[in-house]
Participant: 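Sharing a structure with you now.
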Amino acid sequence: MSLFGDGLEAAVQKAFTRPAPKSAPARMRYLVKQLKGTKAVAQVLGISQRTVERYVKDQIKKPRPDLAARLEREVKKRWQPQIRARARRTAATTGGIVIDTRARIGYTAPVGSTDDARIRHLTIALPPQFAARLFDAQEAGAGERQLQRIAAEGLKEVYFQDSGRRAGQLEEVRFTDIEHVEFDL
């Protein structure tokens with residue numbers, strides 16, 4: 001499970017204008033239409049082509065839990081691509097992104113600093129350039145650590161350095177013991 005990656009995906013999904021298909025047969029039909037055939041869907045889901053055909057014809061209605069999770073993930077990944085792109089573009093150019101987190105957050109600073117890592121609950125609006133970096137990194141396949149680093153740089157600038165108004169030379173902000181992360185566009 002990727003807290004930051006899943007959180008970014010959930011934020012984008014809040015922009016959807018219609019709900020994704022709920023039943024397994026409806027989800028299969030949607031994937032068949034998107035991927036242009038039952039063979040491609042079977043490969044993506046790791047099942048037989050015949051099984052896909054049976055879902056499409058409503059001969060099977062309830063998938064195993066592991067297949068249900070894969071099916072839901074694949075549908076949501078492809079659902080409303082234009083709405084998804086517009087939400088990301090808006091966040092990356094004008095709106096920015098809000099991060100709500102509860103984690104142990106600390107920073108590295110010059111000698112004499114008294115602020116060790118401690119549990120903080122922060123809800124901070126990050127500027128559009130950080131939203132753009134987060135979405136670009138996610139699209140490029142960045143891992144959880146890299147997404148955390150980008151979010152930490154945003155917190156460093158906006159929260160710890162008050163958008164550049166606070167003097168001081170913070171070298172690095174870091175997350176540890178993350179309890180909760182949620183993003184909102």
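Note that the structure is predicted; figures quoted are calculated from it, not measured.
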Participant: Surrounding CD of Q59 (heavy atoms of other residues, nucleotides or ligands, distance under 6.0 Å), is the total greater than 12?
Facilitator: yes
Participant: When you look at V173 and I105, which way does the side-chain contact (heavy atoms from CB on, under 4.5 Å) test go after all the steps?
Facilitator: CA-CA 7 Å; V173 172; I105 302 173; 3.8 Å; yes
Participant: Let me check something: do L147 and V98 share a hydrophobic cluster, defined by ILVMFWY side-chain heavy atoms less than 4.5 Å apart, either directly or through other members?
Facilitator: no
Participant: Minimum heavy-atom separation for P127 and V158, please, with both atom names.
Facilitator: CD-CG2, 3.5 Å
Participant: Could you give me the CA-CA distance, side-chain angles and deciding distance for D100 and V181, then say whether side-chain contact (heavy atoms from CB on, under 4.5 Å) is met?
Facilitator: CA-CA 6 Å; D100 177 58; V181 171; over 6 Å; no
Participant: CZ/R50 to CD1/I47 distance, rounded to the nearest 0.5 angstrom?
Facilitator: 12.0 Å
Participant: Grab the two heavy atoms, one from K76 and one from E9, that are nearest each other, plus how far apart they are.
Facilitator: O-OE2, 4.4 Å
Participant: Roughly how far, to the nearest 0.5 Å, is the CE atom of M28 from the OG1 atom of T51?
Facilitator: 8.0 Å
Participant: Answer yes or no: is there an ion pair linking E74 with R78, defined by an N-O contact shorter than 4.0 Å?
Facilitator: yes
Participant: Counting distance only, does the side-chain N/O of R29 pair as donor-acceptor with the main-chain N or O of V56 below 3.5 Å?
Facilitator: yes
Participant: NZ/K62 to OH/Y55 distance, rounded to the nearest 0.5 angstrom?
Facilitator: 9.0 Å
Participant: Could you report the tightest heavy-atom contact between I178 and L3, atom names first, then the distance?
Facilitator: CG2-CD1, 3.7 Å
Participant: CZ of R149 to CG of L134: how many Å apart, nearest 0.5 Å?
Facilitator: 12.5 Å
Participant: Are a donor atom and an acceptor atom from the side chains of T17 and Q80 found within less than 3.5 Å of each other?
Facilitator: yes
Participant: Would you confirm whether R102, through its side chain, and H180, through its main-chain N or O, come within 3.5 Å as a donor-acceptor pair?
Facilitator: no
Participant: Indicate yes or no: does E153 engage K156 in a salt bridge with an N to O separation below 4.0 Å.
Facilitator: no
Participant: For side-chain contact (heavy atoms from CB on, under 4.5 Å), just list the numbers for I97 and F130, CA-CA rounded to whole Å, side-chain angles, deciding distance to a tenth of an Å, and then say yes or no.
Facilitator: CA-CA 8 Å; I97 193 165; F130 288 102; 5.5 Å; no
Participant: Hey, are the side chains of P25 and D58 touching, using non-hydrogen atoms and a 4.5 Å cut-off?
Facilitator: yes
Participant: Tell me the closest heavy-atom pair linking A15 and A87, and the distance in Å.
Facilitator: CB-CB, 3.7 Å
Participant: Assess, by modelled atom type and distance only, whether the side chains of Q138 and R88 contain a donor and an acceptor separated by less than 3.5 Å.
Facilitator: yes
Participant: Side-chain contact, heavy-atom cut-off 4.5 Å: L31 with V44?
Facilitator: no
Participant: Any idea which heavy atoms bring E179 and I119 closest together, and the distance?
Facilitator: OE2-CD1, 3.9 Å
Participant: Decide whether V75 and F16 are clustered together by the hydrophobic rule: side chain heavy atoms of Ile, Leu, Val, Met, Phe, Trp, Tyr closer than 4.5 Å, transitively.
Facilitator: yes
Participant: Do V32 and L35 belong together in a cluster built from hydrophobic side chains that touch within less than 4.5 Å?
Facilitator: yes
Participant: Using the rule given for side-chain contact (heavy atoms from CB on, under 4.5 Å), can you reason through I99 versus L122, listing the C-alpha separation, both sets of side-chain angles and the distance that settles it, and then say yes or no?
Facilitator: CA-CA 8 Å; I99 181 173; L122 301 175; over 6 Å; no
Participant: Roughly how far apart are W79 CH2 and R84 CZ, rounded to 0.5 Å?
Facilitator: 11.0 Å
Participant: How long is the span from the CZ atom in F135 to the CD atom in E139, to the nearest 0.5 Å?
Facilitator: 10.0 Å
Participant: For R104 and D177, indicate whether the former's side chain and the latter's backbone hold a donor-acceptor pair under 3.5 Å.
Facilitator: no
Participant: Counting the benzene-type ring for Trp, do F175 and F4 have ring centres under 6.0 Å apart?
Facilitator: yes
Participant: Is there a side-chain contact between Q49 and R54, using heavy atoms and a 4.5 Å cut-off?
Facilitator: no
Participant: Ion pair present between K14 and E182, side-chain N to carboxylate O less than 4.0 angstrom?
Facilitator: yes
Participant: Minimum heavy-atom separation for Y159 to I124, with atom names?
Facilitator: CD1-CD1, 3.7 Å
